[in-house]
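For clarity, every value in this text was computed on a predicted model and none was experimentally measured. Residue numbering restarts at 1 for every chain, and letters A, B, ... go by the order of the sequence lines.
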Amino acid sequence: MSLDISEIASYNFSVVEPKWQKFWLDNQSFKTRKSNNKKYYVLEMFMYPSGKVHIGHVRNYTIGDIVARYKRACGFDVLHPVGWDAFGLPAENAALKQKSHPRDWTYKNIETMKNQIRSLGFSYDWEREFATCDEEYYGFQQKIFLALYKKGLIYRKKSEVNWDPVDNCVLANEQVIDGKGWRSGALVEKKMLSQWFFKITNYANELLEELDNLKGWPENVKTMQRNWIGKSEGCSIDFSCDNGDQITVFSTRPETLFGATYLAISLDHPLAKKIADANEKIKEFISELKKGSVSQQVLDKQEKQGIDTGLTVKHPFLDKRLPVYIANFVLMDYGTGAIFATPAHDERDYDFAVKYSLPIIPVIKSENGEVPYFGDGTLFNSKFLNGLSVIEARKKIIEEIDKRNLGKKEIFFKLRDWGVSRQRYWGCPIPIVYCPHCGTVPLEEKDLPLKLPANVSFSGTGNPLDQHPHWKHVKCPVCGNNATRETDTLDTFVDSSWYFLRFCVGKESKDLLDKNEVCRWMTVDQYIGGVEHAILHLLYARFFTKALADCGLINVREPFKNLFTQGMVCSVTYKNEQGEWLFPSEVQKNEKGEFIEIATGKKVIVGRLEKMSKSKKNVVDPDVIVKTYGADALRLFVVSDTPADRDFPWSDEGLDGSWRFINRVWRLFVHLKNKGVSASTVQDIDLSSLTEEMQDIYKRFHQTIKDVTDSFESQSMNKAIAYIRESVNCIYSVLDKSEDNVSLFSVIIRDLIRLLAPITPHICEEAWSMFGFKNLVSENEWPRFREDYIKVSTVNLPIQVNGKLRGTIDVSLDASEEDILRKAMEVNNVRKIIGDKPIRKKIFIKGKIVNFVV
RNA sequence: GCCCGUGUGGCGGAAUGGUAGACGCUACAGACUUAAAAUCUGUUGUCCUUUCGGGCGUGGGGGUUCGAGUCCCUCCACGGGCACCA
C-alpha cells in the first residue's frame, strides 16, 4: 500500500493537545457526574508538591486516568479527584535554604505542577481540588482531632526522638546520617519528649482481621501489614527481684523458660532508670548506648551490648537466680520492655550470652544437637514439660504459670501507637492549650481553625512555633487565665489519612464529611500508588476510617476496596572515574560503542538502572517530553511494555517507539478518511456480504475488543497496548481493500478510536471529530464484542512424544478423540520418533494437547 | 538485622500446569529517495544441519507430574519497607 504526501505529514500534537485540554476544561467535561448509574471512585495517591512533576508521578496518574476514562466509557459515574499533600519537611528546608516562606513555596509549587498535570490531559474534576495546607482542610482536621480526643483515642506519653544537641531540634530519621545530624554534624542522641499518640492499637485486631476481606488488595501488601501488626500469643511472667521490685516479662516462647539464664531489660525500663540514678557507671553506660538514631534498621544492626545490673531474680520454677542485664536489643515499646533470655533457642539471646559469657542451657532436643536451635523438638531439662512437643509445652506452661499466679496468657501486637507530634512549623497545629489550673484543655470548635501564624522565622534551631513571640501565649478557654498552646504540629500522615473522604464532598458544603456524599462515593473503588506506602500510609488511612466511623462521622470502615501498587520509574546512571554522577547529556557514545564523558573524553562507568532521582542525575523532565513528543506519546510509553506493577525502565528509544506508533495510527486515520470512511458510513455489518478474508478481519477485531477489555479489567495496560498494536498491524495489512469495504472499516475505526481513547485521549478526540462522530469520544461508550464472532471451530493441536513437541495438526474442536489420536500418530515426525517402540500411554486433553509416552 | 517482592533472547516483556519468546525496542538486510530522514517489507534465543529437522535453553541445584517459566524445597543475585521522607 502507498500513502500520499499529505498522509505522511506527522500528526501535529502541539496544536491538537492544548486544543482538547482547553475544550475539556472549558466544558467541564470531567466534572463528577451524579446520575442513577453505578458509581466508581478512582483515586491516585495524591502528590507532594515538591516543585516539579516527575516521571514517577506521570506513570501513577496515567494509570489512574486510564482507569477513570475506561470506567466512564463503561457507564459509571466516575469520581476522579486531584489534590495536594502539601504539609511537610521539604517546605521548611526550602525556607532555610532560600529564605522563602513555606506557604509561598508550597503554593507556588502547586501552581507549577498543576500546569504540568494539565498538559498531560488527565480527566480530573478540578472543582474538588484542594491542598492539605488550606486553612479549611486543616481546620476541619483539628475538628476531627477533637472528636478523636473526646472518644479517648488520643493521649500523651513520653517517647524517644532523634535529638540534635547543637541545633536543639528533633531530627527526622532521614536527617540522621551515620548517626550524625545532617546540618550540624553533631552526634545524635535519643531524647524523651512528651508527645501525642493515636490509639491505633485499639484497632489492631480489626485491622488484622479485615485484611482477609480485602480481596482487591495485592497479597504482598496484606502480608506486610499482617507482619507489621504482628499479633503474637504468649504470656507475661513476673519475676521477683532481690531489691524488692518485680520485673514482668513477655515471651512468645514461654516453653523455653527452663533454659533461661538471664533477664534483659530495655534501656528505658523504669528499673533501668532507677538503677542508673544510683549508679554513675551504669548511667554513663546507658547514655553511651543512647547515642545514634532511633530508627529500627540502625538499632538492629548495632552490636548487642549490655551491662550487668548486679541484681538477680528468682527463677519461678527452679531454685536458682538469674542475673539482670540492661541491654540495647530489648525494646521498651514491645511487650513489657523486659525479657527472659534462653540463649539455646533464640539468636539474639545467644549472641548476647556468648559475648558476656553467660550460660547456655538447651531444653529442646534438636536432631544433631545444634545450638542455637529454633526448630520443633521434644522438651528436656524442663521438669513437668519433659517429653512434650514445643506446642504442647507452650500450652502446659501457660496453664501452670496462670495456676500459680506468676503471670498470664497474653496477646501482644508489634504494632505500636501512632506518634503524631512533630516539632515543626509546616503542619496542622494541634488544637490543645495547657493551662496551669485546668490542665490539658482542647480548643472549642468555634475557635477553629487554629491557624498557623504567618510571620515566623526559620533559624534551623529549635521549634519555630515554640519560638514565635506571641502565638503560643493564650487565655485558657475554660478559666481565662494565662495558658500556652501546644506548639507541636501533626504528622503529615494524618493529613493523608482522610483526604479521600474530603474528595467525596463538593466545594459547596462546609461539612467536609457530609454523610450523604461520603456515603455516595465511599469506598474508593480503585486506589493507585507506590508500594512504598504498603504499610504506614495505608494502615493509618484504614485506622482513621474506622476511628471516624466509631465517632459517628462516617459510615464506612474500610477506605480502599481495590489497591494497585505501581512500580518505580528507573533509568540508566552514569558515573565518571571520580565516581561522580553525570547527566545523560554529559555522556556520549564513541565509534567503538564506549561511553565517554564529553567534557573530558574519559571513559564513563555505565551503572545499572536505578530509581530516577535528582541526586543520581538520571531524571527526565516531563515538560521536555511533552513539548517534543506530546502528552499522548508519554502516556502511551509509561504504560507500554512493562506491567504497571513492576519497575519501569525508562529509555529514549522506547519513547520514540511510542511516538512512532501514534504517528502510524494517525496516518491510518488520514488514509481511511481519504478513502471515504466517516461517521456517516457506519452501518451494521452483515457478515455474509463480506469476503472470507474480510470476515476474518472483522472477527479478529472482535477478538481484539475482548482482549483489550480483559486487559483493562485486569490493569494490564501493557497487554492492552500490545493487542491494539497487533490490530493496527492487521488493519494495515488489508488497507488496500479499504475502498471496497468502507462500512466495515468505518465500524472498525470507530471502535479502534474508542479502545485507544483512555490511553491517548487527545489524538482520539481529534480523530473522533475528524471522522464526524457526535460528541466526545471521552463521553462515548466502550465498544462491545460479539461472543459468536470470537468462537473458534478449529484448533492447531500440539503433538508431543514423551512431553516433547514433535508436530502439530489442525483439527476441528468437535472431532473425536479416536480420530485425533489416529491423525496425530500419522504425523511424519511423530511416526519417526515413536518408531517401533510400544506406546505406554496416550494423553489427550481436548483442545489442548496430545502426548504419547513410549 | 527483620518483613515483602523480583529474576524468561542484545533489551522491556508475553505465556488458565499443555506449541516458551505475543507485542515493542535495538541491530541487520531490502524497497522508496539524487541523498538523508521518515516510511514500508523481511530477518533477529543459541548451537548443529544445504534442506527436512535436531540438541540446548525461563538466576543455580533438587523434587512433584505424561508434561514445569508456571507447583514444592533449597541456594544465589537484585530491589522496596522498617514507625519523624512522603
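When atom types are taken as modelled, the side chain of A/Ser651 and the backbone of A/Gly654 share a donor-acceptor pair closer than 3.5 angstrom. In this structure, the side chain of A/Gln225 does not engage the main chain of A/Leu208 through any donor-acceptor pair within 3.5 Å. The main-chain N or O of A/Met568 is found under 3.5 Å from a side-chain atom of A/Asp647 such that the two form a donor-acceptor pair.
Residue side chain A/Gln195 reaches the base of B/rC84 through a donor-acceptor N/O pair under 3.5 Å, judged by distance alone. On a pure distance criterion of 3.5 Å, no polar donor-acceptor pair joins the side chain of A/Gln297 and the base of B/rC2. In terms of polar N and O atoms assigned as donor or acceptor, the side chain of A/Asn796 comes within less than 3.5 Å of the base of B/rU19 in a complementary pairing. In this model, no side-chain donor or acceptor of A/Asn173 finds a partner on the base of B/rC84 within 3.5 Å. Side-chain atoms of A/Arg424 and base atoms of B/rC84 include a donor and an acceptor less than 3.5 Å apart. In this model, no side-chain donor or acceptor of A/Lys804 finds a partner on the base of B/rU19 within 3.5 Å.
Close to B/rG24, at under 4.0 Å from its OP1 or OP2, lies a side-chain N or O of A/Asn729. Residue A/Arg226 places none of its side-chain N or O atoms closer than 4.0 Å to OP1 or OP2 of B/rC4. Contact annotation: A/Asn718 reaches the phosphate of B/rA14 (side-chain N/O to OP1 or OP2, under 4.0 Å). For the OP1/OP2 pair of B/rG24 and a distance below 4.0 Å, the side-chain nitrogens and oxygens of A/Arg660 include no atom meeting the criterion. Contact check, A/Asn829 against B/rG53: no side-chain N or O comes under 4.0 Å of OP1 or OP2. For A/Arg664 and B/rC40, the shortest distance from a side-chain N or O to OP1 or OP2 is below 4.0 Å. Side-chain N/O atoms of A/Arg646 include one lying less than 4.0 angstrom from OP1 or OP2 on B/rG13. Taking 4.0 angstrom as the limit, A/Thr492 places a side-chain polar atom (N or O) nearer than this to OP1 or OP2 of B/rA86. Residue A/Lys719 has no polar side-chain atom (N or O) positioned under 4.0 Å from OP1 or OP2 of B/rA14.
Counting any heavy atom pair closer than 4.0 Å across all strands shown, A/Gln423 reaches a base atom. Residue contacts shown for A/Val176 are absent, as no nucleic acid heavy atom lies under 4.0 Å away. Using a 4.0 Å heavy-atom cutoff across all strands shown, A/Lys304 reaches no nucleic acid atom at all. As judged by a 4.0 angstrom heavy-atom cut-off over every strand, A/Leu89 is placed among residues touching the sugar-phosphate backbone only. Backbone-only contact: A/Gly419 has heavy atoms under 4.0 Å from sugar-phosphate atoms and none from a base. Across all strands, A/Trp418 comes closer than 4.0 Å to no nucleic acid atom at all (heavy-atom distances). If you check every strand for non-hydrogen atoms under 4.0 Å, A/His537 touches nothing. Note on A/Lys301: a base of the nucleic acid sits closer than 4.0 angstrom, heavy atoms only. Among the heavy atoms of the strands lying under 4.0 Å from A/Leu415 is at least one base atom, whether or not backbone atoms are also near. Using a 4.0 Å heavy-atom criterion, one finds that A/Phe493 contacts the bases of the nucleic acid, with or without backbone contacts as well.
Ring geometry for A/Phe13 against A/Tyr11 counts as tilted: the plane angle lies between 30° and 60°, on a 0 to 90° scale.
Taking the P atoms as reference points, B/rG67 lies 15 Å from B/rC56, given to the whole Å. A gap of 14 Å separates the P atoms of B/rU51 and B/rU44, to the nearest Å. Taking atom P in both B/rU70 and B/rU65, the straight-line distance is 16 Å, to the nearest Å. Taking the P atom of each, B/rU39 and B/rC25 are spaced 10 Å apart, rounded to whole Å. Nucleotides B/rC11 and B/rU19 have their C1' atoms positioned 25 Å apart, rounded to a whole Å. The P atoms of B/rU26 and B/rA38 are separated by 10 Å, rounded to the nearest whole Å. Rounded to whole Å, the separation between the C1' atoms of B/rG21 and B/rC71 comes to 22 Å. Atom name P, nucleotides B/rG9 and B/rG60: the rounded distance is 10 Å, in whole Å.
Using the Watson-Crick or G-U wobble rule with both distances under 3.5 Å, B/rU33 pairs with nothing in any strand shown. Across all strands shown, B/rU46 forms a Watson-Crick or G-U wobble pair with B/rG55, both key distances being under 3.5 Å. Look at B/rG21: it lacks any Watson-Crick or wobble partner with both distances under 3.5 angstrom. B/rC82 is paired with B/rG1 under the Watson-Crick or G-U wobble criterion, all donor-acceptor distances under 3.5 Å. Nucleotide B/rC71 has B/rG63 as its partner under the Watson-Crick or G-U criteria, with both atom distances under 3.5 Å.
The listed nucleotides are B/rA14, B/rC84, B/rC23; the one nearest the side chain of A/Arg422 is B/rC84. Closest approach to the A/Glu726 side chain among B/rC3, B/rC23, B/rG53 is made by B/rC23 (side chain taken as heavy atoms from C-beta onward). Comparing B/rG18, B/rC40, B/rG79 against the side chain of A/Gln800 picks out B/rG18 as the nearest. When each of B/rG12, B/rU19, B/rG79 is scored by its nearest atom to the side-chain atoms of A/Thr642, the top-ranked nucleotide is B/rG12. Which of B/rG53, B/rG55, B/rA83 sits closest to the side chain of A/Ser295 comes down to B/rA83. Considering only side-chain atoms of A/Arg667, the nucleotide from B/rC40, B/rA86, B/rG80 that sits closest is B/rC40. Listed candidates were B/rC84, B/rG81, B/rG53. Nearest to the side chain of A/Lys832 is B/rG53. Candidate nucleotides B/rG18, B/rC4, B/rG81 were compared by shortest atom distance to the side chain of A/Glu532, and B/rG81 ranks first. Checked against B/rA86, B/rG12, B/rA83, the side chain of A/Asp85 finds its nearest nucleotide in B/rA86. The A/Tyr48 side chain lies nearest to B/rA86 when the options are B/rA86, B/rC84, B/rC40.
The CZ atom of A/Phe637 lies 8.0 Å from the CG atom of A/Asp652; values are rounded to the nearest 0.5 Å.
By the rule that a glycosidic angle within 90° of 0 means syn, B/rG60 does not qualify and counts as anti.
Between the P atom of B/rC84 and the NZ atom of A/Lys158 lies a distance of 19 Å, rounded to the nearest Å.
Both A/Val221 and A/Ser651 lie close to RNA chain B; mapped to their nearest nucleotides by heavy-atom distance, the more 5′-ward contact belongs to A/Val221.
The only member of A/Leu89, A/Asn93, A/Thr106 that meets side-chain contact (heavy atoms from CB on, under 4.5 Å) when paired with A/Trp426 is A/Thr106.
Remark: A/Asp351 does not engage A/Lys355 in a salt bridge, criterion side-chain N to carboxylate O under 4.0 Å. In summary, A/Asp417 and A/Lys199 do not engage in a salt bridge, as defined by a charged side-chain N under 4.0 Å from a carboxylate O.
Defined by atom type and a distance below 3.5 Å, a donor-acceptor pair is present between the side-chain atoms of A/Asn828 and A/Arg831. A/Asp488 and A/Gln423 share a donor-acceptor pair across their side chains, judged by distance under 3.5 Å alone.
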